[in-house]
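Worksheet for the structure shown next.
To find a chain, count down the sequence lines: A is the first, B the second, and so on, and within it residues start at 1.
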Protein chains: 2
Amino acid sequence: MAGLDRYIAVLRLFSQGQSEWTVNDMAERLGVPQSTVYRTVRDLMGENFLEMASEARYRLGSVFIEFDRLLRLTDPLLTAGSQVLQDVVAAAGVPCVGLLCRLYNDTVMCIADATAPGATFSSSYERGRPMPLTMGATSKAILAHLPARRFSRVVEQSPDARSQAFRTELMAVRKAGVCISSGEIDADVVGVAAPILSKSPGVLASLSIVLPQTIADDAMVARIAAATMAGARRIEEGLSSSSGL
Amino acid sequence: MAGLDRYIAVLRLFSQGQSEWTVNDMAERLGVPQSTVYRTVRDLMGENFLEMASEARYRLGSVFIEFDRLLRLTDPLLTAGSQVLQDVVAAAGVPCVGLLCRLYNDTVMCIADATAPGATFSSSYERGRPMPLTMGATSKAILAHLPARRFSRVVEQSPDARSQAFRTELMAVRKAGVCISSGEIDADVVGVAAPILSKSPGVLASLSIVLPQTIADDAMVARIAAATMAGARRIEEGLSSSSGL
DNA sequence: TCAATGTTTCTCACATTTCGGGAATGAGCT
DNA sequence: AGCTCATTCCCGAAATGTGAGAAACATTGA
């Protein structure tokens with residue numbers, strides 16, 4: 001292990017379940033000597049990637065919040081999409097949650113959300129949380145538009161997606177330009193998601209609305225599907241005009 | 001340049017003003033050959049610290065959003081403070097903005113904010129934005145509680161804070177346990193900030209309420225000052241109980 | 001089709017840096 | 001003082017990054 005890897009290996013130790021580490025535990029877990037870990041930790045602290053929690057314990061540092069702000073201010077998908085996201089949620093006119101999510105390696109990550117007034121639930125797609133690519137409308141709207149080679153690779157690796165039925169379902173999603181699913185990730189909610197495509201490489205995302213099954217009838221879902229698709233088109237326009245700067 | 005520095009130097013190039021870079025520009029700016037920059041960029045992309053924007057341009061990657069979530073979920077100050085922050089804003093009962101900010105190197109950084117319904121303004125203390133330590137109630141509440149040695153160093157380096165009057169003002173803030181200022185950062189708003197202190201090292205923060213000058217009279221400011229101080233106490237309690245796990 | 005251009009990766013010899021084991025320092029506690 | 005634990009320091013050996021240029025690859029235009 002060398003270079004960036006050593007630093008990343010340390011950072012990746014920190015999780016929701018274990019958010020503080022001692023140098024000893026890190027060294028043991030990574031299988032490298034303490035002196036090396038101390039050096040690594042010192043470097044990371046110097047750049048605020050880590051900070052001291054208390055008595056020999058370390059935790060993630062605030063530099064991530066700083067870079068997160070930079071992303072919020074400059075990410076084209078966010079700048080083009082966050083207003084649209086709010087508009088679509090408002091236009092839905094029901095207690096729902098709106099999500100703007102993107103492909104992130106072999107997962108889907110929410111980068112912005114909007115909650116309509118009155119919504120008493122929340123989605124598992126929290127901002128910054130990697131989610132599986134093969135479940136949920138939000139994810140499948142993205143998966144359906146992966147290039148064939150990559151699509152196959154992802155599907156092969158996922159036990160719950162290897163069926164032929166799944167492939168044909170996703171083909172239909174691709175054709176329709178919208179994906180609707182019910183209770184796949186969170187019970188009792190319906191997800192309606194439209195893909196966001198763009199010429200520029202690496203932009204593959206979705207705009208989705210999540211609402212309680214109890215209030216969702218066919219007409220409402222159809223209306224919301226149209227709204228998300230229209231929103232997705234608007235975001236695509238915003239992306240292509242901003243990239244032309 | 002070696003080790004982490006090389007990587008950080010690249011990441012620090014990205015700013016609000018220039019959010020996309022070509023390898024050429026990076027190499028020129030950093031004064032290192034292109035081949036080296038290519039290697040560095042490739043490594044950073046592999047870990048999602050950078051991503052390709054378009055045609056030979058690179059931008060910050062989404063890994064920061066992922067780590068930002070981890071921080072939101074695990075940072076003791078945030079977990080102890082975000083509920084209190086909302087409570088204090090609600091208790092204020094006026095269109096105001098609440099801020100939870102912390103010391104970050106020689107700056108102050110907002111880590112959480114809450115806007116009361118009806119507030120038509122926003123604070124310059126955006127989440128993740130480093131702010132000067134010597135201006136604004138939010139910052140001065142923190143500065144006033146820096147250890148003497150560090151306090152002096154910061155004050156010396158800041159042209160607008162070198163006066164004796166400033167030192168005595170901050171002494172008074174320290175005594176009072178609250179800092180109130182008007183229009184120092186944003187015109188036409190009043191800031192009311194209470195320091196958050198804790199035994200654990202590195203925890204130095206403030207809880208503040210920002211409200212328009214037009215609605216702020218002495219009685220209201222006094223009431224809000226008491227509320228922020230009470231909130232700060234509650235957060236301190238939350239911190240000490242959680243660290244005892 | 002071929003040349004031209006720009007981006008990205010690769011190669012290789014060399015110097016620099018990191019690595020890791022252990023010793024040294026330092027702070028806190030009894 | 002003496003003990004324990006956290007952290008830094010030291011140094012030779014070994015691995016890694018460095019940088020200049022060439023090569024691969026993609027795109028564009030003639």
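A rotation axis mapping the C1' atoms of four pairs onto the next four is fitted at both ends of the helix from C/dT1-D/dA30 to C/dT30-D/dA1 over five pairs, and the angle between these axes is 40° to 10 degrees.
Counting only distance, with no hydrogens or angles, the side chain of B/Trp21 and the backbone of B/Leu13 share a donor-acceptor pair below 3.5 Å. Without hydrogens or angle criteria, A/Ser139 side chain to A/Pro132 main chain gives a donor-acceptor distance under 3.5 Å.
We find that A/Glu156 and A/Arg167 are joined by a salt bridge, their nearest charged nitrogen and carboxylate oxygen being less than 4.0 Å apart. Using a cutoff of 4.0 Å between basic side-chain nitrogens and carboxylate oxygens, B/Glu169 and B/Arg174 are not scored as salt-bridged. For B/Glu66 and A/Arg127, the salt-bridge test fails: no basic side-chain N is under 4.0 Å from an acidic carboxylate O. Between B/Arg72 and B/Asp68 there is a salt bridge, with a side-chain nitrogen of the basic residue lying less than 4.0 Å from a carboxylate oxygen of the acidic one.
Under the rule for a side chain to side chain donor-acceptor pair (under 3.5 Å), the partners of B/Ser124 that lie at least two apart in sequence or sit in another chain are B/Asp186. Residues forming a ring pair (Phe, Tyr, Trp, His ring centres under 6.0 Å) with A/Phe151 (at least two apart in sequence, or on another chain): none. Not counting sequence neighbours, B/Tyr7 has no partner by the ring pair (Phe, Tyr, Trp, His ring centres under 6.0 Å) test.
If you walk DNA chain D from 5' to 3' and mark each nucleotide with an atom closer than 4.0 Å to a heavy atom of chain A, the marks span D/dA6 to D/dG17.
When rounded to the nearest whole Å, the span between OH of A/Tyr7 and P of C/dT17 equals 12 Å. Distance, B/Arg57 CZ to C/dG6 P: 15 Å, rounded to whole Å. C/dT8 atom C1' lies 15 Å from atom CG of B/Leu50, rounded to whole Å. Residue B/Tyr38 contributes atom OH, which lies 9 Å from atom C1' of C/dT9 at whole-angstrom precision. Atom CG of B/Asp5 and atom C1' of C/dT16 are 14 Å apart (whole Å). One can place CD of B/Glu55 at 11 Å from P of C/dG6, the figure rounded to the nearest angstrom.
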Completion exercise
Quick tally for nucleotides 19-27 of chain C: nucleotides whose base has a protein heavy atom under 4.0 Å get B, sugar-phosphate-only ones S, the rest -, giving BBBB-----

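Classification of the A/Phe49-A/Phe64 ring pair by plane angle, with boundaries at 30° and 60°, yields perpendicular.
A heavy-atom distance below 4.5 Å is not found between the side chains of A/Ile142 and A/Ile196.
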